[in-house]
Amino acid sequence: MKKESLIAARAAYEIEYECIKSMVEYFDDETFGKAVELLKNAPRIGASGCGHSGIICQHFAHLMCCIEQPARFVSPAEAVHGGMGFLQEGDVMVFASRGGKTKELLPILDICKRKGVKVITITENLESPLATGADVVLKQYVNRETDKYNSQGTTSSTALCMIFHALQTALIEETDYKNEQFALIHPGGAVGERLNK
């Protein structure tokens with residue numbers, strides 16, 4: 001391995017560490033509380049994003065299912081071809097878009113507004129269309145991506161993941177979710193074995 005490669009790899013840890021540490025400064029109790037309340041009371045939750053954001057949205061949907069808040073990833077491509085039939089009035093859609101202008105998500109936002117689906121947007125750009133059209137906006141902060149070109153979706157994915165983890169952590173408290181409930185739906189693997197001893 002080249003010396004430069006090793007230096008870059010070690011620096012990636014520092015870049016992402018600094019990002020998460022700084023994110024706390026952008027944490028707004030009131031706004032976060034509103035997002036948690038919407039998710040807590042939603043019969044169904046959708047999550048949508050493109051690229052790396054979409055992949056992390058799939059993780060978020062699974063996190064919600066793990067605490068019995070029914071959720072699924074809504075593919076931007078499928079959403080405008082009937083997929084938005086999953087969400088009804090009173091449900092919640094979570095959009096993840098660092099720039100807040102992802103063109104594939106804008107038609108989905110319009111469908112949400114027309115159907116009475118509440119919208120939570122996670123973005124850096126609070127003046128973007130996905131932010132101004134949302135019921136709640138959670139601020140995403142990214143210092144820089146880990147690669148030398150500052151272009152790969154690395155730190156930004158970690159930052160989004162951290163917000164989703166914080167939401168699930170809060171919802172476990174808000175819903176008084178019990179580990180015994182999780183044991184029932186997670187009998188598989190080492191975790192299932194530990195939970196069901």
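Count residues from 1 along the sequence. All values reported here derive from a predicted model rather than from experimental measurement.
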Cut-off 3.5 Å, no hydrogens considered: what does the side-chain donor-acceptor table look like for residues 47-70, sequence neighbours left out?
{"unit_1": "Ser48", "atom_1": "OG", "unit_2": "Val74", "atom_2": "O", "d": "2.8"}
{"unit_1": "His59", "atom_1": "NE2", "unit_2": "His165", "atom_2": "NE2", "d": "2.9"}
{"unit_1": "Glu68", "atom_1": "OE2", "unit_2": "Tyr177", "atom_2": "OH", "d": "3.1"}
{"unit_1": "Gln69", "atom_1": "NE2", "unit_2": "Leu39", "atom_2": "O", "d": "3.1"}

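Remark: the backbone N or O of Phe27 is not paired with any side-chain donor or acceptor of Lys139 at under 3.5 angstrom. Between the side chain of Asn125 and the backbone N or O of Ala131, no donor-acceptor pair lies under 3.5 Å. With hydrogens and angles ignored, the 3.5 Å screen pairs a side-chain donor or acceptor of Thr154 with a backbone N or O of Thr146. Lys113 places a side-chain N or O within 3.5 Å of a backbone atom of Gly133 that can act as its donor or acceptor partner. A donor-acceptor pair under 3.5 Å links the side-chain atoms of Asp135 to the main chain of Val119, judged by distance alone. Here the side chain of Asn150 pairs no donor or acceptor atom with the backbone of Arg144 at under 3.5 angstrom.
Scanning both residues, Pro76 and Ile108, for their nearest heavy atoms gives CA-CD1, 3.8 Å. Taking all atoms of both residues into account, the shortest heavy-atom contact from Ser5 to Met1 is CB-CG, 3.6 Å. Taking all atoms of both residues into account, the shortest heavy-atom contact from Ile122 to Val94 is CD1-CG1, 4.2 Å. Across all their heavy atoms, Ser97 and Leu105 have their closest contact at CB-CD1, 4.2 Å. Closest approach of Cys19 and Tyr141 over heavy atoms only: SG-O, 3.4 Å. Of all heavy-atom pairs spanning Pro43 and Gly90, the tightest one is CD-O, 3.5 Å.
The pair Arg10-Glu14 fails the salt-bridge criterion, with no side-chain N (NZ, NE, NH1 or NH2) lying under 4.0 Å from an Asp/Glu carboxylate O.
Taking CD1 of Ile172 as the start and CG of Leu167 as the end, the distance is 11.5 Å to the nearest 0.5 Å. Rounded to the nearest 0.5 angstrom, Lys118 NZ and Leu87 CG are separated by 13.5 Å. With rounding to the nearest 0.5 Å, the separation of CE in Met23 from CD in Glu18 is 13.5 Å.
Not counting sequence neighbours, Glu37 has no partner by the salt bridge (charged side-chain N to carboxylate O under 4.0 Å, His left out) test. The side-chain contact (heavy atoms from CB on, under 4.5 Å) check on Thr31 picks up Asp28, Val136, Leu138, with sequence neighbours excluded. Under the side-chain contact (heavy atoms from CB on, under 4.5 Å) criterion, Ser156 pairs with Arg98, Gln140, Val142, Glu145, sequence neighbours left out. Under the side-chain contact (heavy atoms from CB on, under 4.5 Å) criterion, Ala183 pairs with Leu195, Asn196, sequence neighbours left out. Partners of Asp176 under the salt bridge (charged side-chain N to carboxylate O under 4.0 Å, His left out) rule, at least two apart in sequence or in another chain, are Lys178.
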